[in-house]
Amino acid sequence: GDLEYKVEGRRLLDGVDKTPIAADLVSHKPDVLSVRLTTDMSFIVLASDGLWDVVSKPEAARHVREWLRRDERGRGEHLSGCAQSLVDLARRVGSADDVTVVVIQFRWQEAHSVHK
């Protein structure tokens with residue numbers, strides 16, 4: 001991924017100049033966002049830039065909501081399938097980067113009833 005940064009001043013594409021670079025032009029430091037979770041949040045999507053560079057946050061949220069609505073059991077047992085479908089979406093719309101996605105569903109009502 002991040003092909004445009006891996007060859008100094010050039011894009012690395014099929015057979016194009018592969019001159020070694022002197023320094024790593026891709027940062028190893030992650031983008032970190034802190035969000036206070038509230039009971040009105042039903043899920044969170046953790047993903048690499050391979051998803052976020054080509055799929056907007058609202059589009060990803062719509063995609064997950066639709067997936068959860070279609071989930072026959074309605075309990076999120078198949079969240080890995082939901083995550084994979086976001087990976088597939090990123091590929092379909094043109095991501096050439098690595099794409100990693102984790103979908104976490106919150107079940108606040110169930111957690112609240114267990115702790116009563």
Over all heavy atoms of both residues, which pair between [X] and [Y] is shortest? Give the atoms and the distance, please.
{"X": "Leu86", "Y": "Val45", "value": "CD1-CG1, 4.1 Å"}
{"X": "Ser48", "Y": "Asp98", "value": "OG-O, 3.3 Å"}
{"X": "Ser95", "Y": "Gly50", "value": "OG-O, 2.8 Å"}

So, taking the atom named [atom1] in [X] and the one named [atom2] in [Y], what distance separates them when rounded to the nearest 0.5 Å?
{"X": "Leu51", "Y": "Thr100", "atom1": "CG", "atom2": "OG1", "value": "10.0 Å"}
{"X": "Phe43", "Y": "Leu68", "atom1": "CZ", "atom2": "CG", "value": "6.5 Å"}
{"X": "Gln105", "Y": "Trp67", "atom1": "CD", "atom2": "CH2", "value": "12.5 Å"}
{"X": "Asp53", "Y": "Asp97", "atom1": "CG", "atom2": "CG", "value": "6.5 Å"}

Side chain to side chain donor-acceptor pair (under 3.5 Å) test vs Ser85 passes for just one of Glu66, His63, His78, namely His63

Could you please spell out the steps behind the side chain to side chain contact (heavy atoms under 4.5 Å, CB included) verdict for Val35 and Met41? CA-CA 11 Å; Val35 176; Met41 297 175 176; 3.7 Å; yes

Examine Leu33 and Leu46 and state if one hydrophobic cluster contains both, with Ile, Leu, Val, Met, Phe, Trp and Tyr joined whenever side-chain heavy atoms are less than 4.5 Å apart. yes

Is there a side chain to side chain contact (heavy atoms under 4.5 Å, CB included) between Val102 and Ile44? Walk through the geometry before answering. CA-CA 8 Å; Val102 176; Ile44 190 167; over 6 Å; no

Applying side chain to side chain contact (heavy atoms under 4.5 Å, CB included), run through Val101 and Gln84 and close with a yes or a no. CA-CA 7 Å; Val101 179; Gln84 183 61 52; over 6 Å; no

Just by modelled atom types, is the Lys57 backbone N or O under 3.5 Å from a matching donor or acceptor in the Trp52 side chain? no

